[in-house]
Structures are given as structure tokens and as C-alpha cells.
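So the structure is just underneath, and the comments pick up after that.
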Amino acid sequence: MVLKQFRALFKARTMEYVRDRGTFYWNLIFPVLLVLGLAFAFSGGDDKLFKVGFVGGPDPSVRLLGMEQVQAVPYPDAESALRRLARHQIDFFVDFTTSGYAVNEESSKGRLVRELFLAQLAASPGGAAGFSETSVVGKAPRYVDWLVPGVIGMNMLFSSLFGVGFVIVRYRKNGVLKRFKATPVAALNFVSAQAASRLVIVLLTSAFVFAGTNAVLRFMMRGSYLNLLLLTVLGILCMISLGLVFASRMRSEEMANGVLNIVTFPMLALSGVFFSLEGSPAILRTVSRAFPLTHFIEGARAIMLDGAGLAAVAPNMAVLAGLTVVFLAIAAALFQWE
Amino acid sequence: MSDILRIENVTKRFGRLAAVDGVSFGVPEGSCFGLLGPNGAGKTTTIEIMEGISSPTGGRVLFRDEPIDRRFKAKVGIQFQSTALPEFITVKETLELFSSFYDRPRPMDEVVELCSLADILGRDNRKLSGGQRQRMLLALAIIPMPELVFLDEPTTGLDPQSRRNFWDLIARIKAERTTVVLTTHYMDEAQLLCDRIAIMDRGRILDIDSPDALLEKHFKGVLIRLPYDGCCSDALSGLEGLVMRDDSIELQTEALDRSLKELLAAKVDLTGLSIHKPNLEDLFIKLTGNALRS
Ligand SMILES: Nc1ncnc2c1ncn2[C@@H]1O[C@H](COP(=O)(O)OP(=O)(O)OP(=O)(O)O)[C@@H](O)[C@H]1O
Ligand SMILES: [Mg+2]
């Protein structure tokens, strides 16, 4: 019985979505256009600086770090610097603690800096001694490679929050909820069907955006699709649950619209959709840890750009799962038909 | 006949307004019960409390002598005075959706036939006309094969043909032993359909009984009605059972001969005089002191 009701509600909601052509196409086309537009806008060259990471106190004999064209970036440990080197976020790495340097063989800029570095060492008396080379490999992610998970996350956020939150508030306002309340359908069953329909919809639109942008841009995907799918499902569930919290009581569409915008704006700004939060004030980074979007994007980038495995993104997944449970509990406690 | 539903001393307050103010009555099983009253009388508020949709501020609702529970919703059909229908799905899909909510729903063909929906099955809910929509809402109320249906102004906005179809429909579901509770602003409809009528105003029941018994109780004889231009008010004021209105006078009498003679004696112009048996409309106006405000 419950299952029969669920299936019918699921079907009705999904048809409603597919037939609402405006929203339907907008959800599909907008993110693709956004990615393509930004990819085009940012396709120009990088800034001309060489970025050189280092660990330990700079040795005055390594004049490289003092050069005008070089931005020296200190790192707390070699590991994080090497990861960035692999991603071409820095061009070269010097470890003063172990007297080593590292270069990404796939980076022409990196190879150039190496020549410069070795030449400088050779020129300085006694300096050449002892520095050993490590090399890493890794393709340089383009901005779009980095952007795609962000935009998919953003689309997920809007589609989940508004598709569930806003729609249920509208149902409440125009009396559709009251009509359902007058039937034997349990609130939990109704809400689950709404959420399930939206989960499938968002999953499919995300897959479409992924495939659509990939067809044009051929972006980087180094990890496992299965892990990405798992992370995406968790991310969507989390955002839908957040949407349900807002949908539980509100009865005015204008109010719902305003509140949802107020909530989504800081998430978009602070979750690193369009630009990295690295280097922004610590307080902002701390706040952003509370947002589901941050964890989805971070996890997706790790999987896609670094080929991270399940263990590496487990913390992100755990936060998403935890937040989902919290949001669902709040929504269930607050929900009212009318 | 035992009562299928009873409300006892029910009150509903909205802030300082008592929309329903200490109302008690029973609905006999298998009957058609009509709730009449001017706009804002508290009909919708009362019926929604009976439906279990809203909870009363005070008093209680009993279904077969038990407080209503979770299973109640599966046994009743409800048509609200105004509700939206899910958007972007068709009439047929909506019927299927609501059918899925019940264990043994009424067969779709029967619903379609009873509510004359055959022509609009493929139409999007958003594109229904007022009357089509009304029929659709009625269909949702009878899908569950209810023991009890609640209809809040079911015929408002229907054309005369659809209204007659509706009356037939009520007769058919009454034949299934379904109890009907309805509100209406149409007195002819109430007279025709209802076995029992409650007239309410300002949250209180003014009177409650079968239509015939109510008329019997409140009207003796017949009503004489006469256009009135303001003349001879002194001569008229002595007449028994006289009610003055802005542009007419009404005389209720058991002795028609004598009253007509008295009117002649008062030298009133009898052009336009009419005599009729009092009906529910007269009763309604008498009790609520209002012309119908529908
Ligand atoms: N939710 C509410 N909040 C405040 N007042 C309300 C609410 N619902 C109804 N009322 C008031 O209660 C009174 C009774 O309303 P109700 O809807 O029951 O009238 P009704 O008899 O159904 O009228 P109508 O014939 O116009 O449908 C009205 O004065 C109305 O303004
Ligand atoms: Mg009403």
C-alpha cells in the first residue's frame, strides 16, 4: 500500500518536472552554457610568474627564490607541495630540509625553472653539492577541469533546494498539500516520494551536464566513476534534506524564495565553486566547512583531478552523510501539512 | 437511525473571533445532511473540523461513537471549498494518483462516468474551467468509496445541467448507503437533497431538523408578498404577522381570506400581489435576517 502510494506520487512529481519545460531545459542547459562560457573566458594564458614552492628555511645560495619573476610559496610539508606540483599549481619545488628539489616532467615551465635552478647552483660556490632530484608526473588541470565539479555542485544545490523546498511551500500555499492531507497518505511517504523524485532528477541532470561539457571540453577524470556517483548521491541527498528543512513550515512562496536565496548565496560564495578558497581568511574557510556544497566540490575535485580513492574522500562523505541525518531529523520534527 | 458522526460542543477560535461557537449535532448514517448559512457563518470551519482536517479549540468529534483516528481518512471522501490540483498532470493521471492512495478505490470508469469527466481526461489540471474543476474535485471525493463524504459547496459554479447530474450522483451514492454532509447556498438543492438541515450563523446553529419539519415549525399557513411603495403604513401596522421590507411587505397567515380582506380594507394597491407556500429560502431569510449572500 505504502509502496503503491509512493510509486504514484513519485511518478506524478517526476512528470510535473519533465513537463514544466522552462525549468526542465533551464536546469539542463544553463550549467553547460556556464561552463563553456567560463572556459572560454578563462582560456587565456596564466600569469607569467613562476611559482616555486619550498619547505624549510631558504638557503641564500638559492637565489632563484628571490627573483622578480618568481613567486615563492612556503609549504608546511613536502607532501602537500608535491601534490600541487603534480597538479601544476606550482612549477617547481625545493626542499631545504632534505636538500632535494622536484619537478613535474610534464610541465615545460617546470623544466625551464629546473635549468635556471641548476645553473644558479652551479654558479654559486659549493652550492651544487647535495641537491637531489625527484620528479613527479601529472597533467596540468585547466581551469575548466577544476570548474566542472563546482558548476555541477552549484546546479545540484539549486535544483535540490528549490526543487524540493520551494515546490513544497507552493503546494502548501495553494492547497495541494491540504488535498493530500485529506487522504490516507502519510506525510513521510509523501515527502520521501518528493525527495526520491528529485534525487533521480538531479542525478540525471548532473550526468547530463557532466557528459555535455565533457563532449566539448574533454576534462580530467582520474578517479573512479563509482566513487564519484556515490559522492554525488550523498551530496544531493544532503542538499535535498536541507531543502526539506525549509519546506517543513513555510507557507509563503516569496518568503521561501528569499530565505533560499539568502542560504544559497554564502554557499556559492564560500564553497569554492568558481575560485579556490586557498589563501582566503581562516574564518571564511572554517565557515565553509559547514556547507554541504564545500564537501561535495572538494570530494569531486579530489576524485576527478587527483584520482583520489574512497578513503581519501571518506571525510567529505562522512560530513555529507552526517549533515543529511541532522537535516532530516530537523525536517521531520518541524513538518506540517498546513 | 444511529449517528455515523457526531460533534459535541465544538468551538473554533481564530484569535478573538469564535468562528464556531459551541456547536453540537449528529449526522444519521445513510442520510444527507445539509449545513446552510450566510457567508462567514462558519460552515467551512465546522465541516473541516468534522473531516478531521482542522482541530477544534474545544469540544470533540465522534465517528461511530469513537474519537476519530488514523483509519478515518481511508473511510471518508472530501471535497474542499477551494483547493488547487497538482499541476502539469492530466485529469486521468490525477485520478490514478488519488486512486493509488486507497486500498479498494472506486473503478476509474465509474468515477469518470459519475462525474462526467470523459471529455476532459487528457486535459492538464491547470486548463480546466471552473465547473470542470469542481467536477474533478468531486471525483476525488468519491474515489475512496467512502462511508462518509463531505462536500463543501459542491455545486457552486456548475451549469444547470451539471447541477442536475450532481443531484443524480448524490442519489446514487446515497443508494450505496454513503452518508453525505454538504454545505450549499442553494435552497432548492438543500430542499431536494437533504434529509436534515442545520442553519447556522455567526458560528452558532440557529435550528436543525428535516426541511419539512423546519418549515412546519417556523411558518404557519402561506406567505403573501406585495410590492410596497410606502403608503398607508399606519393602516398596515395593525396587521398580524406582517414583516416590512425596503420595497415589499410580507404577511404570513393561516387565514388567507381574512388577511386579503384586511389588506383591501387598508386600501393597499394589490397589484403585484403573490401568494406562496413558504420555502427554505424564506426560512433562511427569516432566521439569519439576511438575503442570501452567495
Ligand atoms: N484561518 C482563519 N483565520 C482567521 N479567521 C478565519 C480563518 N478561517 C475562517 N475564518 C473566519 O471564520 C469565519 C467563518 O469562516 P468559514 O470559512 O467557516 O465561513 P463559511 O460559512 O464557510 O462561509 P462561505 O459561505 O463564505 O464559504 C469567517 O468570519 C472567517 O473570516
Ligand atoms: Mg465556506
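Keep in mind that what you see is a predicted model, and the values were worked out from it rather than measured. We name chains A, B, ... by the order of the sequence lines, and we start the count at 1 in each one.
- More than 12 heavy atoms of other shown residues, nucleotides or ligands fall within 6.0 angstrom of atom CZ in B:Arg126.
- Residues of residues 86-101 of chain B lying under 4.5 angstrom from chain A, judged on non-hydrogen atoms, are B:Pro86, B:Glu87, B:Phe88, B:Ile89, B:Thr90, B:Glu93, B:Glu96, B:Leu97, B:Phe98, B:Ser99, B:Ser100, B:Phe101 by number.
- Surrounding CZ of A:Arg19 are more than 12 heavy atoms belonging to other residues, nucleotides or ligands, all under 6.0 Å away.
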Problem set entry | side-chain contact (heavy atoms from CB on, under 4.5 Å) between B:Ile53 and A:Glu338, intermediate numbers included | CA-CA 10 Å; B:Ile53 289 294; A:Glu338 286 186 75; 3.6 Å; yes

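- Within a 6.0 Å radius of NZ in B:Lys127, other residues, nucleotides and ligands contribute 12 heavy atoms or fewer.
- Within residues 62-75 of chain B, the residues having any heavy atom less than 4.5 Å from a heavy atom of chain A are, in residue-number order, B:Lys73, B:Ala74.
- Contact of A:Lys11 with chain B is made through the side chain alone, with heavy-atom distances under 4.5 Å.
- With respect to A:Lys178 and B:Glu48, a salt bridge is recorded, a charged nitrogen being found less than 4.0 Å from a carboxylate O.
- The distance from atom CG of B:Leu140 to atom CZ of A:Arg179, rounded to the nearest 0.5 Å, is 5.0 Å.
- Proximity to chain B is absent for every atom of A:Leu177, based on heavy atoms less than 4.5 angstrom apart.
- B:Ile78 touches chain A through backbone and side chain together, each having a heavy atom under 4.5 Å away.
- Atom CE of A:Met1 has more than 12 heavy atoms from other residues, nucleotides or ligands within 6.0 Å.
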